[in-house]
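Per chain, numbering begins at 1; letters A, B, ... match sequence-line order.
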Amino acid sequence: MVLTCPVAMGRTTTRRDEPSPLSRRTVLRAGALLALGGAAAPLTGCGLFDREDPPTPDPLAPLVEESLRLAAGLRAAATAHPDLSARLVPLAEAHEAHATELTRVIGTPAPSGTATPTASPSSGPPADQATTLTALRKAERAGRDTATQACAAAPAERAALLGSIAAARATHLEALR
Amino acid sequence: MSERVMSAPTSPDDALAGALTAEYAAIWAYGPIGVRLTGTQRKAAVEAEAAHRTRRDALVVQLSNSGGTVPPDRAGYTLPFPVTDKASALRLAVEVEERTAAFWRAALPASTGAERDRALAALVEYAVRATRWRREAGITPLTVPFPGRPG
């Protein structure tokens with residue numbers, strides 16, 4: 001940790017020895033800055049404590065969250081409109097199955113809990129059926145587009161799963177008409 | 001589950017040849033389907049058949065250009081069950097769309113770029129069409145969790 005400091009200190013020293021037009025205050029201020037830099041350097045510059053490879057999130061991780069969010073939105077709508085639940089619950093189950101399968105492919109534990117809070121932030125009076133269905137369709141359309149892009153960018157071993165997810169979301173859009 | 005089986009390395013031409021044989025069978029099947037339907041359902045069958053013909057033609061051109069083998073069409077195909085009325089015609093239409101979707105899904109790992117985009121467009125289109133036929137046939141649920149996935 002101390003290793004970075006002598007360089008900075010040395011530079012300060014030589015500069016101070018030169019006949020310099022700098023006022024004492026300027027030099028002191030510079031010294032204070034260098035001291036700060038010296039304190040920060042061991043954390044950022046030394047590399048001693050840097051992680052070799054900072055864990056990069058899997059590109060499919062957002063899709064897991066999106067799946068759970070779509071599922072939660074459908075379940076919330078099914079609760080608010082019980083007469084729609086026969087239509088909505090199978091769609092929610094499909095999204096949950098997607099999240100499970102994506103998580104398996106990513107190879108990390110599933111995000112803890114369900115996405116219920118993010119999916120139903122509005123605690124106002126429940127929207128009427130038409131408004132609810134419109135919102136659900138909009139979410140499925142966006143989800144279809146996300147999965148389509150993910151499929152296009154995916155390595156071969158993930159392409160089929162992502163294709164199925166894109167297709168499933170497109171069929172949901174149709175089923176919500 | 002059967003994911004690994006489907007993801008087994010297949011050459012792009014083999015995958016497309018598989019899709020082409022599926023398209024042949026789909027076009028053939030819409031013959032007996034169409035005659036059992038009327039009105040908007042028959043119109044939907046005609047449109048579906050046209051979509052399969054368009055993809056068939058594109059595949060024949062693509063496989064010819066790439067030097068791959070173009071599998072021949074057959075004089076007839078065995079239907080999974082007899083089509084005797086509107087109900088069985090609609091059920092067959094669901095089956096046809098879901099089966100062809102599966103072949104296009106299998107083409108996804110074997111393709112990249114624009115070719116993968118086309119395979120995905122086919123998978124999505126046929127999956128959506130299957131859902132429409134399910135609705136017409138009164139089948140619930142209207143959707144399957146993993147369109148095109150076998151088993």
Under 4.5 Å heavy-atom distance to chain B, tell me which part of A/R169 shows up: side chain, backbone, both or neither.
-> neither
Using a cut-off of under 4.5 Å for heavy-atom pairs, which of A/A153, A/A94, A/A154 has the most such pairs with chain B?
-> A/A154
Within the distance-only criterion (no hydrogens, no angle test), does the side chain of A/H81 pair as donor or acceptor with the backbone N or O of A/A127 below 3.5 angstrom?
-> yes
Carboxylate-amine/guanidinium contact B/K43 B/E47, below 4.0 Å | yes
Smallest separation among heavy atoms of A/A166 and B/V124, with atom names | C-CG2, 4.4 Å
Would you please say whether a donor-acceptor pair under 3.5 Å links the side chains of A/H98 and A/E66?
-> no
Test item: A/R177 and B/R132 side chains (from C-beta on) under 4.5 Å apart, heavy atoms = no
Which one of A/V89, A/I165, A/T148 has the most heavy-atom pairs closer than 4.5 Å to chain B?
-> A/T148
Are B/V128 and B/Y30 connected in a single hydrophobic cluster, I mean Ile/Leu/Val/Met/Phe/Trp/Tyr linked by side-chain heavy atoms less than 4.5 Å apart?
-> yes
With a 4.5 Å limit on heavy-atom distance, are the side chains of A/R141 and A/H172 in contact?
-> no
Of the backbone (N, CA, C, O) and the side chain (C-beta and beyond), which part of B/L108 lies under 4.5 Å from a heavy atom of chain A, both, or neither?
-> both
Are side-chain heavy atoms of B/W104 and B/L16 found at a separation under 4.5 Å?
-> yes
Are any of the side-chain nitrogens in A/R144 or A/E174 under 4.0 Å away from the carboxylate oxygens of its partner?
-> no
Per-residue contact mode, B/P147 against chain A (heavy atom under 4.5 angstrom) | both
Rounded to the nearest 0.5 Å, what separation is found between the CZ atom of B/R116 and the SG atom of A/C151?
-> 5.5 Å
Heavy atoms, side chains only, cut-off 4.5 Å: are B/F146 and A/E101 in contact?
-> yes
In terms of heavy-atom proximity below 4.5 Å to chain B, should A/L91 be classed as side chain, backbone, both, or neither?
-> side chain
dist A/T131:OG1 -> A/L136:CG (nearest 0.5 Å) comes out at 10.5 Å
Name, in order of residue number, those residues of residues 88-96 of chain B that have a heavy atom at a distance of less than 4.5 Å from a heavy atom in chain A; otherwise write 'none'.
-> none
In Å and rounded to the nearest 0.5 Å, what is the CD to OG1 distance from B/E97 to B/T131?
-> 10.5 Å
Using a heavy-atom distance cut-off of less than 4.5 Å, which residues of residues 59-70 of chain B contact chain A?
-> none
With chain B, which of A/P90, A/A175, A/A86, A/P155 has the greatest number of heavy-atom pairs at distances under 4.5 Å?
-> A/A175
